[in-house]
Participant: 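I have a structure here, written as C-alpha cells, and I will follow up with some questions on it.
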Amino acid sequence: MTTFDLAIIGGGPIGLFATQFAQLHNLSTITFEVLDQFGGQVKWLYPNKQIKDIPAYPTISGYNLIEQLKFSINNKLKSNYRVESITKNDDFFIINNEYKAKTILLTTGLGAFHPKTLPIKTSEAEDKFINYFMTDPKKYQHQKVAVLGGGDTALDWALQLAPEVEELTLIHRRPEFRGLEASLDKLKNLKNVKITTPYLPKKLQSKTTSLEITLNKVGNKELITSNFDNIFIAYGFKSDNRLLKKWGLELCAGGIKVDRTMATNIPGIYAVGDSVEYEGRVPMIALGFGEAQIAITNIMANLFPNKKITLHSTSI
Ligand SMILES: Cc1cc2nc3c(=O)[nH]c(=O)nc-3n(C[C@H](O)[C@H](O)[C@H](O)COP(=O)(O)OP(=O)(O)OC[C@H]3O[C@@H](n4cnc5c(N)ncnc54)[C@H](O)[C@@H]3O)c2cc1C
C-alpha cells in the first residue's frame, strides 16, 4: 500500500484547489470524490451561472471554473469513491482499509450530496420527468418546465432555464422567496416566467409525454392542475454529518470545529471549505481557497519540520 503525504476527502472546488496547491508543494496526494464527477456544489447546483467573485476572473461560469481548477492537476483524483472510515495508526491514517496517508484534509463541504426529494410517492413513469440536478439548460429547449423551491438554487436554475425554455413556472409554498431578491426581480421581468405561490404539489400523474401536477394552495383547498415536460426540484440538499461524528471530529453549529491553522481536534486531520464552521465564516469559494493555503502550509511544516517552507510559488 503506497503511503500518500496527504489524502483530500471531497472533490468540490476547495478540494480541487487544495489538490493543485499540494501538488505545487510536491506533496504526494490522493483526492477522493463520492460522485462520478468532481466539482461539488458548483458542478451540480450552478454550472451555468456566471460567478463574479473569484479573484482574477471578472466573470466565469461554474463549469469553466471547475475545468480550470482541474486543468493542471496531475495528482491522483479518485471519483466514485465514498470515504466511510478513517482509522489512525501511529504515524498514518488508513482510509476505508484501502489507502494510507500521513495527513488528511477534509473538504467534504455540505457532505455527500443527497437532494431532498418530493414528499410525494412517485412511480417510475413519473420519475422520468423529475430532475434533482440541472446540468445543461439547453437540453430543455422549447419545453414547458417548472422549478419547485424558494432558495438560491431554485432561482439560479430558473434564471438558467428561462432563456431556453418556452415557459417556466416557479412554484413555491410561500409568497416570499429565500433566494436573492435581484434574481427574483430578473425572473419577474421575463415574459415566459410565471410565479405560482403559495402552492404545494399534491399529486403527480405521468401522461404520454408530460407530467401532470396538481397543486394545492397553501391555507385553503383550492387546486390547480398543469402539465410540464420536465420539473426541477430545488428543495435543497441534506447534509450528512454522521460520518464526521463517526470519525471522532468535534463539530460546532453543524460544521467541523477548527483552529486558526485549520487543524481539527484530531492531530493530523485538517478541514477547510464549507465543511468547517467558525465565527464570521461565509460560504464563499475564495475564502475556501485561502483556508486551503493555510492548512497546506501548516501540513508542510508538520510533515517536514526540518525543511524551510517556501511560501510563494515563484520560489518553489
Ligand atoms: C446556488 C448557489 C450559488 C452559489 N454561488 C456562489 C458564488 O457566486 N460565489 C461563491 O464564492 N460561492 C457561491 N456559492 C457557495 C459555494 O458553492 C461553496 O462555498 C463551495 O462550493 C464550497 O466548496 P467545498 O469544496 O468546500 O464544498 P462542496 O462544493 O460542497 O464540495 C464537497 C464535495 O465533497 C464530496 N464529499 C462529501 N463527503 C464525501 C465523502 N465521505 N467521500 C467522498 N466525497 C465526499 C461531495 O460529494 C462534494 O462533491 C454558492 C452556493 C450555492 C448553493
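Computation of the quantities below employed the complete heavy-atom set of this structure, encompassing side-chain atoms and omitting hydrogens, waters and symmetry-equivalent molecules.
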Participant: Between the side chains of Asn302 and Tyr270, does any donor sit under 3.5 Å from an acceptor?
Facilitator: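 The answer is yes; a qualifying pair exists.
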
Participant: Hydrogens and angles aside, do Tyr46 and Asp152 bring a side-chain donor and acceptor to less than 3.5 Å of each other?
Facilitator: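 No, Asp152 and Tyr46 have no side-chain donor paired with an acceptor closer than 3.5 Å.
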
Participant: Suppose we screen for ring-ring contact (aromatic ring centres under 6.0 Å, His included). Which residues come up paired with Phe4, at least two apart in sequence or across chains?
Facilitator: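 Partners of Phe4 under the ring-ring contact (aromatic ring centres under 6.0 Å, His included) test: none.
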
Participant: What are the two closest heavy atoms between Ala18 and Ile296, and how far apart are they?
Facilitator: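 That closest heavy-atom pairing would be O-CD1, 3.3 Å.
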
Participant: Within the structure provided, determine whether Val272 and Ile294 are in side-chain contact (heavy-atom separation under 4.5 Å).
Facilitator: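 Contact flag for Val272/Ile294 side chains = no.
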
Participant: Has the side chain of Asn96 got a donor or acceptor atom that lies under 3.5 Å from a matching backbone atom of Ser85?
Facilitator: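 It does hold such a pair.
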
Participant: Answer whether the closest heavy-atom distance between the side chains of Arg82 and Phe32 falls below 4.5 Å.
Facilitator: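 Counting from C-beta outward, Arg82 and Phe32 never come under 4.5 Å.
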
Participant: Check whether Gln23 reaches the backbone of Asn74 with its side chain - one donor and one acceptor, N or O, closer than 3.5 Å.
Facilitator: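 Judged by distance alone, yes, a pair lies under 3.5 Å.
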
Participant: Could you state whether Ile14 and Phe71 fall into the same hydrophobic cluster, counting links through intermediate Ile, Leu, Val, Met, Phe, Trp or Tyr residues with side-chain heavy atoms under 4.5 angstrom apart?
Facilitator: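 Unlinked, Ile14 and Phe71 end up in two clusters.
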
Participant: With the side chain counted from C-beta on, respond yes when Glu126 and Leu211 share a heavy-atom pair under 4.5 Å apart, and no when they do not.
Facilitator: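 Answer yes - side chains close enough.
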
Participant: Please determine if Lys138 and Glu164 form a salt bridge, counting it only when a charged side-chain N lies under 4.0 Å from a carboxylate O.
Facilitator: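 A salt bridge is present here (some side-chain N lies under 4.0 Å from a carboxylate O).
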
Participant: Of all heavy-atom pairs between Ala295 and Leu105, which one has the smallest distance, and what is that distance?
Facilitator: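 Heavy-atom minimum between the residues: CB-CD1, 3.9 Å.
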
Participant: Does a sphere of radius 6.0 Å around CD in Glu124 hold more than 12 heavy atoms from other residues, nucleotides or ligands, not counting ones at 6.0 Å or beyond?
Facilitator: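 At most 12 heavy atoms, drawn from other residues, nucleotides or ligands, come within 6.0 Å of this atom.
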
Participant: Any side-chain heavy atom of Asp5 sitting closer than 4.5 Å to one from Thr29?
Facilitator: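 Of all side-chain heavy-atom pairs linking Thr29 with Asp5, none is under 4.5 Å.
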
Participant: Walk me through whether Asn216 and Tyr199 qualify under side-chain contact (heavy atoms from CB on, under 4.5 Å).
Facilitator: CA-CA 5 Å; Asn216 187 182; Tyr199 282 91; 5.7 Å; no

Participant: What heavy-atom pair brings Leu118 and Pro201 nearest, and what distance separates the two atoms?
Facilitator: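 The pair with the smallest heavy-atom distance is CD2-CG, 3.9 Å.
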
Participant: Could you tell me if Asn192 and Glu167 have a donor-acceptor pair between their side chains, going purely by distance under 3.5 Å?
Facilitator: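 Glu167 vs Asn192: no donor-acceptor pair found between side chains.
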
Participant: Please evaluate residues Tyr132 and Phe232 with respect to the criterion ring-ring contact (aromatic ring centres under 6.0 Å, His included), reporting the C-alpha separation (whole Å), side-chain torsions for both, the decisive distance (0.1 Å), and the verdict.
Facilitator: CA-CA 6 Å; Tyr132 289 99; Phe232 296 84; over 10 Å; no

Participant: Considering non-hydrogen atoms only, spot the tightest contact between Ala271 and Val258 and give its length.
Facilitator: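 Smallest interatomic distance, heavy atoms only, reads O-CG1, 3.6 Å.
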
Participant: Which pair of non-hydrogen atoms, one from Val83 and one from Trp247, has the smallest distance, and what is that distance?
Facilitator: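 Closest pair (atom of Val83, atom of Trp247, distance): O-CZ2, 3.4 Å.
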
Participant: Assess whether atom CD of Glu98 is packed by more than 12 heavy atoms of other residues, nucleotides or ligands within 6.0 Å.
Facilitator: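 Yes, enclosed.
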
Participant: One pair to check against side-chain contact (heavy atoms from CB on, under 4.5 Å): Lys194 and Leu170. What are the steps and the verdict?
Facilitator: CA-CA 6 Å; Lys194 217 167 99 186; Leu170 186 59; over 6 Å; no

Participant: Evaluate the criterion side-chain contact (heavy atoms from CB on, under 4.5 Å) for residue pair Ile233 and Val147; output intermediate values, then yes/no.
Facilitator: CA-CA 6 Å; Ile233 312 299; Val147 175; over 6 Å; no

Participant: Do Lys203 and Ile213 come within less than 4.5 Å of each other through their side chains, counting heavy atoms only?
Facilitator: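 No, their side chains stay 4.5 Å or more apart.
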
Participant: Could you state the interatomic distance from CD (Gln41) to CD1 (Ile285), rounded to the nearest 0.5 Å?
Facilitator: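 One finds 8.0 Å between CD of Gln41 and CD1 of Ile285.
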
Participant: Are the side chains of Leu180 and Asp185 in touch, meaning some heavy atoms are under 4.5 Å apart?
Facilitator: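 No, their side chains stay 4.5 Å or more apart.
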
Participant: Kindly indicate, with the supporting measurements, whether the criterion salt bridge (Lys or Arg N to Asp or Glu O under 4.0 Å) is fulfilled by Lys144 and Glu166.
Facilitator: CA-CA 6 Å; Lys144 211 177 148 193; Glu166 186 185 309; over 6 Å; no

Participant: Is it the case that Ser61 and Gln50 place a side-chain donor and acceptor less than 3.5 Å from each other?
Facilitator: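 Absent: no donor and acceptor within the cut-off.
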
Participant: When you group the ILVMFWY residues by side-chain heavy-atom contacts below 4.5 Å and let the links chain together, are Tyr63 and Leu45 in the same group?
Facilitator: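 In one cluster with Leu45: Tyr63, no.
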
Participant: Heavy-atom count around Phe21 CZ within 6.0 Å, excluding the residue itself: above 12?
Facilitator: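 Yes - once you tally the heavy atoms of other residues, nucleotides and ligands closer than 6.0 Å, there are more than 12.
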
Participant: Counting distance only, does the side-chain N/O of Asn265 pair as donor-acceptor with the main-chain N or O of Gly248 below 3.5 Å?
Facilitator: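 Checked: pair present.
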
Participant: Under the side chain to side chain contact (heavy atoms under 4.5 Å, CB included) test against Ile299, which residue among Ile104, Leu6, Thr261 passes?
Facilitator: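 Looking at Ile104, Leu6, Thr261, the match for Ile299 under the side chain to side chain contact (heavy atoms under 4.5 Å, CB included) is Leu6.
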
Participant: Please check if atom NZ in Lys52 has more than 12 non-hydrogen atoms from other residues, nucleotides or ligands closer than 6.0 Å.
Facilitator: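 Enclosed: over 12 neighbouring heavy atoms sit under 6.0 Å from NZ of Lys52.
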
Participant: Less than 3.5 Å apart, any donor N or O on the side chain of Gln20 or Asn75 sitting next to an acceptor on the other?
Facilitator: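 Looking only at side-chain atoms, Asn75 and Gln20 do not form any donor-acceptor pair under 3.5 Å.
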
Participant: Between Leu106 and Leu249, is the side-chain contact (heavy atoms from CB on, under 4.5 Å) condition met? List the steps.
Facilitator: CA-CA 11 Å; Leu106 299 170; Leu249 292 157; 3.4 Å; yes

Participant: Give a yes or no answer on whether the side chain of Thr197 reaches the backbone of Arg173 with a donor-acceptor pair at less than 3.5 Å.
Facilitator: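 Not a single qualifying donor-acceptor pair exists.
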
Participant: Cation over ring, Lys100 on Phe92, under 6.0 Å and within 45°?
Facilitator: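 Ring-cation test returns yes.
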
Participant: When rounded to the nearest 0.5 angstrom, what is the spacing between CD in Gln143 and CZ in Phe129?
Facilitator: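 So the CD of Gln143 and the CZ of Phe129 are separated by 10.0 Å.
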
Participant: Distance check, rounded to the nearest 0.5 Å: Tyr99 atom OH versus Thr3 atom OG1?
Facilitator: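 Tyr99 atom OH to Thr3 atom OG1 measures 13.0 Å (nearest 0.5 Å).
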
Participant: Under a 3.5 Å distance rule, please check whether Asp229 uses its side chain to pair with a backbone N or O of Val145 as donor and acceptor.
Facilitator: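 No; zero donor-acceptor contacts below 3.5 Å.
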
Participant: Rounded to the nearest 0.5 Å, how far does NZ of Lys70 lie from CG of Leu77?
Facilitator: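 These two atoms lie 8.5 Å from each other.
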
Participant: Looking at CD1 of Ile195 and CG of Leu168, how far apart are the two atoms once the value is rounded to the nearest 0.5 Å?
Facilitator: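 Rounded to the nearest 0.5 Å, the CD1-CG separation comes to 9.0 Å.
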
Participant: Would a 4.5 Å heavy-atom cut-off, applied to side chains only, mark Ile86 and Ile94 as touching?
Facilitator: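 Heavy-atom side-chain distance check fails, nothing below 4.5 Å.
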
Participant: Side chains of Lys49 and Gln160: is there a donor and an acceptor less than 3.5 Å apart?
Facilitator: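 No, no side-chain donor-acceptor pair sits under 3.5 Å.
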
Participant: Is Leu223 reachable from Phe228 through a run of I, L, V, M, F, W or Y residues, each pair having side-chain heavy atoms under 4.5 Å apart?
Facilitator: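 No, Phe228 does not connect to Leu223 through the hydrophobic network.
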
Participant: Treat each ILVMFWY residue as a node, draw an edge where side-chain heavy atoms are under 4.5 Å apart, and state whether Ile51 and Leu16 are in one component.
Facilitator: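 In one cluster with Ile51: Leu16, yes.
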
Participant: Under the 3.5 angstrom rule, does the side chain of Glu291 hit a backbone N or O of Gly273 as a donor-acceptor pair?
Facilitator: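 Pair found, side chain donor or acceptor close to backbone of Gly273.
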
Participant: Is a side-chain donor-acceptor pair under 3.5 Å present for Thr19 with Thr31?
Facilitator: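 Thr31 vs Thr19: donor-acceptor pair found between side chains.
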
Participant: Can you tell me how far OG1 of Thr117 sits from CD1 of Ile130, rounded to the nearest 0.5 angstrom?
Facilitator: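 Taking CD1 in Ile130 and OG1 in Thr117, the distance rounds to 9.5 Å.
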
Participant: Can a donor-acceptor pair be found, under 3.5 Å and without considering hydrogens, that links the side chain of Glu277 to the backbone of Gly255?
Facilitator: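 Not a single qualifying donor-acceptor pair exists.
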
Participant: Are side-chain heavy atoms of Met262 and Tyr278 found at a separation under 4.5 Å?
Facilitator: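 The answer is yes; the side chains approach within 4.5 Å.
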
Participant: Test of understanding: clusters of I, L, V, M, F, W, Y form through side-chain heavy atoms closer than 4.5 Å, transitively. Do Ile224 and Leu200 belong to the same one?
Facilitator: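 As far as the 4.5 Å side-chain criterion goes, Leu200 and Ile224 are not connected within one cluster.
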
Participant: Quick check: closest heavy atoms across Pro267 and Phe93, and the distance to 0.1 Å?
Facilitator: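 The answer is O-CZ, 3.4 Å.
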
